[in-house]
Every structure is written in C-alpha cells, then in structure tokens.
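Beneath this line is the structure, given in structure tokens, with notes to follow.
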Amino acid sequence: MALAKLRGQSKEPVELSELGAPGALVESASFDTPEQLPLWPEPVRGVPNSVLRSALFGIVQRGRRAFQQRVKKASVDGVLIIHTGPTLDQGDLDVWEQTLHLARISGLGTRIQFSANGFLKAIDRSTGGKDADWLKGAFARLASSVVEIQDNKKSYFGPMLIGGARNDESGRYVIEMNPPIVKLFGADGWSKIEFAERRALRKQPLAQWLHGFYSTHARPFAFKVETISRLSGSENQSLKSFKQELSEALLKLSEITGWTCDIDDADLVRIDKRTAKKFANKVQKLSTK
C-alpha cells in the first residue's frame, strides 16, 4: 500500500514511518506526475555532484552573511554555478540534504510535512529554541537562493526550494521542492553521502566539505592546497593558515572514514580511499568483541 501511494497511485497521505523515516508525512500536491528522485537507502543522503564539487555550500565565517547577486561560485572543470541569495554554508547543506531525503519518497513536486523537532533530530541538532530559530533561517536562506547550475549536459535554474509554511504553535512545516532539480541527478550525476560520517564531522565545516567533495570521487585526483581553498569557498586569506586548517580537517576526515589523507611536499592533497574497507573491517571486529 505504501509503495502504491509513493508511486502516485493513491492520493492519500503516507507516513514515512512505513519506510523507515518516522515523524514525516508527505501528500500529493497539484503536480500530475511528480519527478522521482533515486530511492537511496536510509543511511545515506543523495546529493548532486555539481553541488558538492563547488563552493555553493562553502566555509562561511560566523556573523552577518553577504547577499550575492549572480556570483559565479568556484567549481571543478565542467561545472558552472551562479548563485543569487544569501551565502550558504554546511549547516544549510544539512537542511537541503535532509529535505531531498524526505522528498525522494514521493517525488519532487509533493508537499513534505514534518515537525521541526523531528527534522532537527534527524540532522543531529538540538530541539531547543535556538536551533528551532536557526532552522527557520536555513529554510528562508534556501528559499531565497536562486541558482543556475550547468553540469556538462545537465542544467537547472531556479530556487533551492520553492518555499513552504510553518505553524509556530505546533512546530509543523510544509515544504515544497522544485521538480526540475531532478535533472541534476541523472543516472550518474549524484553521489551517496554516508550520513553517519557526515554527522560525526558536525561543527567542522571544512572536514564536512572535504567529505562531500571526495565522496563524489571513486579514485580522487590530487588537488593543490590552493585549489581546495578556492573550491571550498574558504574565507581564510592566508594560504599558510588555511593549509594548517586543512591538515587538521584531513586528520579528522581520516579518523572518521578510514581514508588515507595527506598533503605531500608539493602541496598536493592526496586521498586514498582503498584503505576504507580495511578500516571498516577493523571497526566491525572491535565492535563485536
């Protein structure tokens, strides 16, 4: 019955608890044929590679955020991103990823209903007033952010999310995603982000950005420290200081993922993901003792 509802064969609302995502409710909107995202499993988050291979969700210092007017964001070759709206950071990416995660169930073009508390818990945030206000701001930033993204033959322009409504008394949200975003995914235009690893890197934005960036590469290329600084959107004007930040972030990334991460004598960042399997086996053995 749940799958029938998910595929648009029923107009009845469906509880996501039927599919392992408690506390969220989706219902059909006015779109006749919602765009279906890939149905990735619960432990991961599906994100377009173009978004993760750029400074769209960058490393932003605390304080007042700049409003960007059609600013071209740093990105890898083959990807063009132009952004209009408030600067977005890794916390905003958490919110966008989770919204996509809920939207994958019934397709883009449906209304997603959920509680603020449930959403905050899902992204490893507290449910107090401070984080509830932060969530309001994150949704406002995403709704007011318009992007133009070109990833080889895939393209999208429009808001990061259409918008929504909120009941401040009950804490319930209704959010709508823009269906054409599905074009950024395609068959091979997206990656599965291990959500437990990302959560373990919370409050470490550079490590989180690196995790997302390198999750899009099966066999990562070597990138210059300066290139990583630019692609991550770092606001650190000192390359020497950024290199120190990067070294610390890579160390934490290695601890969480099991990847071998280092900066060589030529200032090239080298990531070897082949060690992750051995690391996972070691962790599994220790957990069973």
Item to check | Heavy-atom closest pair, residues L37 and A103 | outcome: CD1-C, 4.2 Å
Item to check | Point-to-point distance, once rounded to the nearest 0.5 Å, from OG of S215 to CD1 of I271 | outcome: 10.5 Å
Next on the checklist: To the nearest 0.5 Å, what is the distance between NZ on K224 and OG on S229?
Outcome noted: 13.5 Å
Next on the checklist: As a quick check of understanding, evaluate side chain to side chain contact (heavy atoms under 4.5 Å, CB included) for Q113 and Y173, giving each step before the final call.
Outcome noted: CA-CA 5 Å; Q113 296 190 35; Y173 276 84; over 6 Å; no
Item to check | Heavy-atom side-chain proximity of E35 to P180 below 4.5 angstrom | outcome: no
Checklist entry - Do the non-hydrogen side-chain atoms of E255 and L251 ever get within less than 4.5 Å of each other? => result yes
Checklist entry - Does any donor atom in the side chain of R199 or Q208 lie under 3.5 Å from an acceptor atom in the other side chain? => result no
Next on the checklist: Checking side-chain polar atoms at under 3.5 Å, does Q68 have a donor or acceptor matched by the opposite partner on K73?
Outcome noted: yes
Checklist entry - Roughly how far apart are W96 CH2 and L161 CG, rounded to 0.5 Å? => result 9.5 Å
Next on the checklist: Quick one: does any side-chain atom of N167 pair with a main-chain N or O of S170 as donor and acceptor, under 3.5 Å?
Outcome noted: yes
Checklist entry - Does some side-chain heavy atom of W259 sit less than 4.5 Å from a side-chain heavy atom of Y214? => result yes
Next on the checklist: Students often mix this up, so state it plainly: with edges at 30° and 60°, are the rings of F223 and F221 parallel, tilted or perpendicular?
Outcome noted: perpendicular
Next on the checklist: I need the D89 CG to T87 OG1 distance, nearest 0.5 Å.
Outcome noted: 9.0 Å
Item to check | Short side-chain to backbone donor-acceptor contact, K273 and H217, under 3.5 Å | outcome: yes
Next on the checklist: For E245, is there an ion pair with K240 - N to carboxylate O distance below 4.0 angstrom?
Outcome noted: no
Checklist entry - What are the two closest heavy atoms between P86 and S144, and how far apart are they? => result CD-OG, 3.5 Å
Checklist entry - Donor-acceptor pair, S241 side chain versus S238 backbone, under 3.5 Å? => result no
Next on the checklist: Looking at W134, I'd like to know if the NZ or CZ of R125 sits under 6.0 Å from its six-membered ring centre while staying within 45 degrees of the ring's axis.
Outcome noted: yes
Checklist entry - About how many Å separate NZ of K252 and OG of S247, when rounded to the nearest 0.5 Å? => result 15.5 Å
Item to check | Flag side-chain contact, heavy atom, 4.5 Å: I175 against R111 | outcome: no
Next on the checklist: Please find the pair of heavy atoms, one from S75 and one from S54, that lie closest to each other, and give the distance.
Outcome noted: CB-CB, 3.8 Å
For residues 184-197, run the donor-acceptor check on the side chains, cut-off 3.5 Å, and write out each pair with its distance to 0.1 Å, sequence neighbours left out.
| from | atom 1 | to | atom 2 | distance (Å) |
| --- | --- | --- | --- | --- |
| S191 | OG | N49 | OD1 | 2.5 |
| E197 | OE1 | H211 | NE2 | 2.8 |

Next on the checklist: I'd like to know whether CD of E235 has more than 12 heavy-atom contacts from other residues, nucleotides or ligands below 6.0 angstrom.
Outcome noted: yes
Checklist entry - Which value, rounded to the nearest 0.5 Å, describes the distance between I59 atom CD1 and Q90 atom CD? => result 5.0 Å
Next on the checklist: Does K183 have more than 12 heavy atoms from other residues, nucleotides or ligands lying within 6.0 Å of its NZ?
Outcome noted: no
Checklist entry - Between R230 and T227, is there a donor-acceptor pair closer than 3.5 Å when you use the side chain of the first and the backbone of the second? => result no
Next on the checklist: Tell me whether D133 contacts the main-chain N or O of K130 through its side chain, where contact means a donor paired with an acceptor under 3.5 Å.
Outcome noted: no
Checklist outcome for this item: When every non-hydrogen atom of S155 is compared with those of Q150, the smallest separation belongs to CB-OE1, 3.2 Å
Checklist outcome for this item: What one should report as the nearest heavy-atom pair of D267 and I263 is CA-CG2, 3.9 Å
Checklist entry - Does the pair E148 and H83 meet the rule for a side chain to side chain donor-acceptor pair (under 3.5 Å), with working shown? => result CA-CA 7 Å; E148 303 163 53; H83 175 240; over 6 Å; no
Checklist entry - Should M177 and I162 be marked as a side chain to side chain contact (heavy atoms under 4.5 Å, CB included) after you check the CA-CA gap, both sets of side-chain angles, and the distance that decides it? => result CA-CA 5 Å; M177 298 292 287; I162 293 177; over 6 Å; no
Next on the checklist: Just so I know, are the side chains of I81 and V79 near enough to count as touching, which here means a heavy-atom distance under 4.5 Å?
Outcome noted: yes
Item to check | Joint cluster assignment, W209 & L239, ILVMFWY side-chain distance < 4.5 Å | outcome: yes
Checklist entry - Applying the 4.5 Å side-chain criterion to the ILVMFWY set and letting contacts propagate, would F139 and F67 be lumped into a single cluster? => result no
Next on the checklist: Is the shortest side-chain heavy-atom distance between L135 and V95 below 4.5 Å?
Outcome noted: yes
Item to check | Full working for side chain to side chain donor-acceptor pair (under 3.5 Å) between Q98 and R45 | outcome: CA-CA 7 Å; Q98 183 65 15; R45 298 294 180 267; 3.1 Å; yes
Checklist entry - Is R166 close to R172 at the side-chain level, that is, under 4.5 Å between some pair of heavy atoms? => result no
Checklist entry - Under a single-linkage definition using a 4.5 Å side-chain heavy-atom cutoff for Ile, Leu, Val, Met, Phe, Trp and Tyr, are L80 and V51 assigned to the same hydrophobic cluster? => result no
Next on the checklist: Less than 4.5 Å apart, side chain to side chain, heavy atoms only: is that true for R65 and R141?
Outcome noted: yes
Next on the checklist: Applying side chain to side chain contact (heavy atoms under 4.5 Å, CB included), can you list everything that pairs with R270, at least two apart in sequence or on another chain?
Outcome noted: A222, D262, D264, L268
Item to check | Carboxylate-amine/guanidinium contact D124 R198, below 4.0 Å | outcome: no
Checklist entry - Do we see a donor-acceptor contact under 3.5 Å between the side chains of R70 and T84? => result no
Checklist entry - Among side-chain atoms of Y156 and D151, is any donor-acceptor pair under 3.5 angstrom? => result no
Checklist outcome for this item: In L52, L142, L88, L56, the residue satisfying side chain to side chain contact (heavy atoms under 4.5 Å, CB included) with L93 is L52
Checklist entry - Do L231 and I82 belong together in a cluster built from hydrophobic side chains that touch within less than 4.5 Å? => result no
Next on the checklist: If hydrophobic clusters are built from ILVMFWY residues whose side chains come within less than 4.5 Å, do V44 and V182 share one?
Outcome noted: yes
Next on the checklist: Does this structure show an ion pair linking D168 with K136, if we count only N-O contacts that are shorter than 4.0 Å?
Outcome noted: yes
Item to check | Exercise: identify the closest heavy-atom pair between L100 and G46 | outcome: CD1-O, 4.0 Å
